[in-house]
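Here is the structure we will look at.
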Amino acid sequence: MSDESTSGETTRGGSGAYDSVSGLRTAARLRDRPRAAVSAVQAVLHDLRTVDGAVYGAVAATPTPALDAGLRRLSNAADHSKISFAVAAGLALFPGRPRRAAVVGLGAIAIASATANLLGKRLVRRPRPDREAARVVVGRYVPMPESASFPSGHTASAVAFATAAGVVLPPAVVPLGLLASAVGYSRIHTGVHYPGDVAAGAVLGLASGAASLAVGASLAHARGKTL
């Protein structure tokens with residue numbers, strides 16, 4: 001009797017100890033998961049920044065004397081969305097779709113500009129590229145903005161206008177899209193933005209264009225109901 005009793009107690013005790021150790025190991029693994037996830041995200045972000053810097057450096061190191069002056073002028077002309085405002089003014093001269101395209105395009109610029117400058121740049125605070133260290137050709141230089149680098153406000157506004165106006169006026173999609181793409185690239189070419197800043201600006205521009213279109217549709221629907 002005593003032998004069987006002792007054996008049973010030992011077995012139960014051993015099982016309890018095993019369960020306790022297993023539980024501690026499981027708890028440790030669960031505690032380590034958030035840290036592992038954070039480490040993985042940090043590693044991915046580090047690699048993306050490395051690629052971003054490499055592409056920026058490659059653009060800076062590629063001689064393009066025939067393009068430098070033109071892209072510098074385009075980048076300057078895109079300051080404060082002057083190009084988009086000029087296009088909107090031209091479209092507004094014609095009633096119907098062109099005028100509606102101008103209105104929703106200007107609304108998209110307002111959304112993109114506010115989101116990029118009041119939210120994106122203040123949250124991320126990414127420093128501007130060091131174009132001297134990257135040896136960007138001086139002939140490409142435009143004034144280096146004092147604001148944060150991420151996202152590209154020029155790109156966001158240009159893409160927002162192209163998206164909203166192009167949906168309302170389909171024949172304008174291709175020329176406005178090409179213009180927005182050129183503006184975005186000019187910001188990398190002149191050394192004031194990383195490619196990642198421009199990509200983020202393009203995404204923001206698409207979202208802003210969609211938001212402006214949605215607001216415009218809601219207002220038109222409300223006017224229809226009122227009438």
Could you check if a side-chain atom of F85 sits within less than 4.5 angstrom of a side-chain atom of H80, using non-hydrogen atoms only? no

Between the CG atom in L71 and the CD1 atom in I188, the distance rounded to the nearest 0.5 Å is 10.5 Å

With side chains defined as the heavy atoms from C-beta onward, is the minimum distance between R128 and S147 less than 4.5 Å? yes

Return each pair, listed once, that meets side chain to side chain donor-acceptor pair (under 3.5 Å) where at least one residue sits in residues 56-78; pairs must be two or more places apart or across chains. T64-D68, T64-R140, T64-H189, D68-R140, D68-H189, S75-R187

Does one side chain, of T155 or S152, offer a donor that lies under 3.5 Å from an acceptor on the other? yes

Over all atoms of both residues, closest heavy-atom pair of A165 and L176: CB-CD1, 3.9 Å

Taking every non-hydrogen atom, the tightest pair across Y194 and D52: CB-OD2, 3.4 Å

Check against side-chain contact (heavy atoms from CB on, under 4.5 Å), V136 and T190: CA-CA 7 Å; V136 175; T190 54; over 6 Å; no

Closest non-hydrogen atom pair, L213 against A164: CD2-O, 3.6 Å

Check step by step if side-chain contact (heavy atoms from CB on, under 4.5 Å) holds for R131 and Y141. CA-CA 9 Å; R131 60 182 173 186; Y141 278 22; 3.6 Å; yes

Over all atoms of both residues, closest heavy-atom pair of P151 and L204: CG-CD2, 4.1 Å

Cluster check V183, V59: I/L/V/M/F/W/Y, side chain < 4.5 angstrom: yes

Please confirm whether the backbone N or O of S208 pairs with a side-chain atom of S212, one donor and one acceptor, at under 3.5 Å? no

So NZ of K121 and CG of D197: to nearest 0.5 Å the spacing works out to 7.0 Å

Group every Ile, Leu, Val, Met, Phe, Trp and Tyr by side-chain heavy-atom contacts under 4.5 Å, then state whether V192 and Y185 land in the same group. no

Out of curiosity, does V159 fall in the hydrophobic cluster containing V215 (side-chain heavy atoms, cut-off under 4.5 Å, transitive links)? no

Note: S149 and P127 closest approach over all heavy atoms is CB-O, 3.4 Å

Same apolar cluster: I83 and V142, side chain cutoff 4.5 Å: no

Check V55 against P195 and note the closest heavy-atom contact, atom names and distance. CG1-CG, 3.6 Å

Measure from the side-chain N and O atoms of R122 to the backbone N and O of L119, and report whether any donor-acceptor pair falls under 3.5 Å. no

Kindly determine whether L179 and L74 satisfy side-chain contact (heavy atoms from CB on, under 4.5 Å), including the steps that lead there. CA-CA 9 Å; L179 177 60; L74 175 63; 4.2 Å; yes

Listing, residues 89-111 side-chain donor-acceptor contacts under 3.5 Å, not counting sequence neighbours, or none:
unit_1, atom_1, unit_2, atom_2, d
R97, NH1, V168, O, 2.6
R99, NE, A92, O, 2.9
R99, NH2, A92, O, 3.1

